[in-house]
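Here is the structure we will look at, set down as C-alpha cells.
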Number of protein chains: 2
Amino acid sequence: MLNVLDVFSEAEPVWTVDALGKSLALSRSTAYRYVKELCEAGLLASVGDGGYSLGPRIIELDRQIRQSDPLLTAAGEVLAPLLPRCGEGILFICAPRGDSVLSVFLAENPNRLDISYSRGRPMPLFRGSASVIILAHLPEGRLRRLYRDHRDAVAAAGLGGDWPSFRTAMRDIRAKPYLTGRAQLDAGVFAISAPVFDVDGNILASLTLAMPEHRADSEAIQPLADLVVEGARRITATIGAQVHARSALRVEGI
Amino acid sequence: MLNVLDVFSEAEPVWTVDALGKSLALSRSTAYRYVKELCEAGLLASVGDGGYSLGPRIIELDRQIRQSDPLLTAAGEVLAPLLPRCGEGILFICAPRGDSVLSVFLAENPNRLDISYSRGRPMPLFRGSASVIILAHLPEGRLRRLYRDHRDAVAAAGLGGDWPSFRTAMRDIRAKPYLTGRAQLDAGVFAISAPVFDVDGNILASLTLAMPEHRADSEAIQPLADLVVEGARRITATIGAQVHARSALRVEGI
DNA sequence: GCATTCAATCCCATATTATGGGATTTATAG
DNA sequence: CTATAAATCCCATAATATGGGATTGAATGC
C-alpha cells in the first residue's frame, strides 16, 4: 500500500484514483480502499474533482523530524558555531535513502552562495563526495547488492569496472578521513565531505562543506577539511551521547 | 501498520521495536515486520542501538509538497505580492488534518513579528480564527461527527452548548467573508482568517493574517480583512485553474 | 425533471496474506 | 566462552485483502 506514495512526483503531484490504480496495476476497489486509508492517515488529501495529492501529515511529520530527530538536533548544535569559519560556504548533511542519498539538513547561513542544495532533494548515490563517502562506508553485503544492481552507474562514475576494483576504491576512500570533489548539482562548486556514524559504527550520514571552486586552492582546503572532519566527529559523538542517555532511561524502566 | 508512525512525537523521537510493539499491542515478530517494511519504504530509519526514528522519505515527500502541491504553489504565487501591505504581519495557510488543523505554508516575510507559527505545527480545531473558519465550512455530516466526539471542547471554546447552537454558530460564521480573533498560540497577536475552497466547493484550507494586537484598531482592520479575503479568493481561483488544466489534459488522454 | 456521468462506497465469493509464539542467527560485550 | 540483545525466520492457524460488479449520491446537461 505504501507504493501509492511513490506515484506522486514534482512532475505529477495530483492523481485520480483510476490513474494511480492503473499505474500500480490495482483494481478500482482496491485503489479506492488504499486512497481512503491513506487519506484517513493524513498521508494523502483530496484536492477536489477526483484528484488526490500528498497530505498534511507529511508536513507534520517533517516538522517533528526538524524539531527532534537525533541526527538533525545534533547537527544543529554542532554546526552553528562552525559557520563563521566557512565564509560563503554551505554546510549540509546527507543521509542514505534507498538507492540514493538525500540532503536532510542545511546549516542556516545568510551569507551562503546560491546553489541547488535544498532539504529533501535526492542525489545520485555514485556521484558527488557527499554521496560517495556514504557509499564507501556501507556494509559489505549492501555494497555488493548495490554493485550488482547498478554496475553501469558505478562504471560511469569511474568508481570501478568490476567488483574487485569497486571494492578497492571504496576501501581506499574509507581509509581517509574525508573526500573531496566537484559538486554534482552545480557548476563551479567544490565539496569536502566526511562520514557521520551511529553508535553501532554504522554509516548514518555525511557532512559536507560546499564552496566556490575558485576558493579551493590547496592551501585553503586543509583547514576547511579539518573543520568538516571535526564537525562530523562531534555530530557522531553527540548522537552517541543521546543514545547512552536513552539506554540509561531504559535501564531505569522509564 | 500506519499507526506505527503515530507513536513518534517530539517528546519521544526514538523507539525500539519492543517499546513500540508494546505501545501498539503488537507481538514482537509483527512489530519487527512492520518496522522493517517502513524502513524499506524510507518512512523510518535505524539510528543504532536498536532505536528507530522517522525516516528520510518524509523529508523527501515534504520537499515534493513544497515544490509542487497545488495549494502551496497557488499560495506562493498569490501571497508574495500581498506581503508589502502586511507590515510586520504574517500570512499563513492552515489545512485540516484529522481532528485538528495544521499550518502548511508561511509566506516569507523578513520583517515578520516573532511568533510561534511554523510549518507543520498542529493547532486545536475549535480555537483560533484559522481553525474555526475551517471548522465552520466542513460538511454537515463531518461537523456532526466532530460535535459528537468533541462536545466538551466545543463548549469550552464557547462555540455552543448543544448541537443546534453549535450549528447556528457555524452557519453565522459561514455567512461572513472572514473571521477575526486573538491568536491562540501567542499572547498579544490578532488574526484575520478567510476560507480557501477546492474546485468542488469543499473547504481546503484557511488563509490568515496575524499581526500585533495593538495595530488592530478598527480603522486598520477593514483594508487588511479585504486583503485576506481577496488573497483567499485568488488562491481558490488559482487552484480551480489548475484543476481545469488537468481536466483538459485528461480529456485529451495525456 | 429526467438521463447521464463521475466519484465513491458497498458487497461478498474467493484468494491470499498476516499473525504470533517460539526457534534461530548474528553480533557484541564481559 | 557465555550471555545478551537485536533481528530474522518458520509455520500452523487465523484473519484480511482482493476485485468484479452492484449501488449510492451528487452534479451536469438537456
Side-chain angles (χ1 to χ4, degrees), chain A residues 1-4 14-41 44-53 55 137-142 144-145 197-204 240 243-244 246-253, chain B residues 1-4 14-41 44-53 55 137-142 144-145 197-204 240 243-244 246-253:
Chain A
M1 175 171 76
L2 297 173
N3 310 2
V4 172
V14 176
W15 288 69
T16 64
V17 175
D18 284 342
L20 71 79
K22 185 169 288 181
S23 177
L24 296 170
L26 298 170
S27 72
R28 213 159 43 84
S29 44
T30 300
Y32 264 102
R33 198 169 42 251
Y34 283 3
V35 167
K36 185 177 158 71
E37 201 165 328
L38 290 165
C39 286
E40 282 165 5
L44 294 183
S46 172
V47 296
D49 196 40
Y52 292 87
S53 62
H137 285 90
L138 290 174
E140 181 95 347
R142 178 104 178 269
R144 199 186 289 275
R145 273 194 301 280
F197 298 102
D198 71 20
V199 74
D200 300 324
N202 299 311
I203 189 74
L204 201 60
V243 167
H244 289 126
R246 274 201 304 282
S247 292
L249 290 179
R250 207 187 302 168
V251 163
E252 291 182 26
Chain B
M1 174 171 79
L2 297 173
N3 310 0
V4 173
V14 176
W15 287 70
T16 64
V17 175
D18 284 343
L20 70 78
K22 185 170 288 183
S23 177
L24 295 171
L26 299 169
S27 73
R28 216 162 38 86
S29 45
T30 300
Y32 264 101
R33 199 171 41 252
Y34 283 2
V35 167
K36 185 175 156 73
E37 202 165 327
L38 290 165
C39 285
E40 282 165 4
L44 293 184
S46 171
V47 296
D49 196 40
Y52 293 86
S53 63
H137 286 91
L138 290 174
E140 180 94 347
R142 177 105 178 266
R144 197 186 288 274
R145 271 193 301 282
F197 299 102
D198 70 21
V199 74
D200 300 324
N202 299 312
I203 187 74
L204 200 60
V243 168
H244 289 126
R246 276 202 305 281
S247 291
L249 289 178
R250 208 189 302 168
V251 163
E252 290 182 25

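Lettering of chains follows the sequences in order, A, B, ..., and the numbering in each one begins at 1.
- Between the C1' atom of dG19(D) and the CE atom of Met1(A) lies a distance of 17 Å, rounded to the nearest Å.
- In this structure, the CG atom of Asp18(B) is 16 Å from the P atom of dT4(D), given to the nearest Å.
- The CD-P distance, from Glu37(A) to dT16(D), rounds to 12 Å in whole Å.
- For DNA chain D, the residues of residues 25-35 of chain A within the heavy-atom distance limit of 4.0 Å (strictly under) are Ser27(A), Arg28(A), Ser29(A), Thr30(A), Arg33(A), Tyr34(A), sorted by number.
- Protein atom CG of Asn3(A) is 11 Å distant from nucleotide atom P of dT18(D), rounded to whole Å.
- Partners of Val199(B) under the side-chain contact (heavy atoms from CB on, under 4.5 Å) rule, at least two apart in sequence or in another chain, are Asp49(A), Val243(B), His244(B).
- Residue pairs meeting the salt bridge (Lys or Arg N to Asp or Glu O under 4.0 Å) criterion with at least one partner in residues 14-30 of chain A, sequence neighbours excluded, do not occur; the list is empty.
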Just the table, please: protein N/O against nucleotides 27-30 of chain C N/O, every pair under 3.5 Å.
none

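- If you measure from atom CG of Asp198(B) to atom C1' of dA26(D), you get 14 Å, rounded to the nearest angstrom.
- With sequence neighbours excluded, the residues that form a salt bridge (charged side-chain N to carboxylate O under 4.0 Å, His left out) with Glu40(A) are Lys36(A).
- Taking the salt bridge (charged side-chain N to carboxylate O under 4.0 Å, His left out) definition, one finds that Arg144(A) meets it with Glu140(A), sequence neighbours left out.
- Residues forming a side-chain contact (heavy atoms from CB on, under 4.5 Å) with Ser23(B) (at least two apart in sequence, or on another chain): Val7(B), Trp15(B).
- What separates NZ of Lys22(B) from P of dG21(C) is a distance of 14 Å, to the nearest Å.
- An angle of 50°, rounded to 10°, separates the two end axes of the helix from dG1(C)-dC30(D) to dG30(C)-dC1(D), each defined over five pairs.
- Remark: Tyr52(A) OH to Leu20(A) CG distance equals 9.5 Å, nearest 0.5 Å.
- Ser27(A) meets the side-chain hydrogen bond (donor to acceptor under 3.5 Å, both in side chains) test with Thr30(A); sequence neighbours excluded.
- Residue Lys36(B) has no polar side-chain atom (N or O) positioned under 4.0 Å from OP1 or OP2 of dA7(D).
- The ring-ring contact (aromatic ring centres under 6.0 Å, His included) search around Phe197(A) returns His137(A), not counting sequence neighbours.
- A distance-only check finds no donor-acceptor pair linking the side chain of Asp200(A) to the backbone of Asn202(A) [under 3.5 Å].
- Atom CE in Met1(A) sits 4.0 Å away from atom CG in Leu2(B) (nearest 0.5 Å).
- The two residues Gly21(B) and Ala31(B) make their nearest non-hydrogen contact at CA-CB, 3.9 Å.
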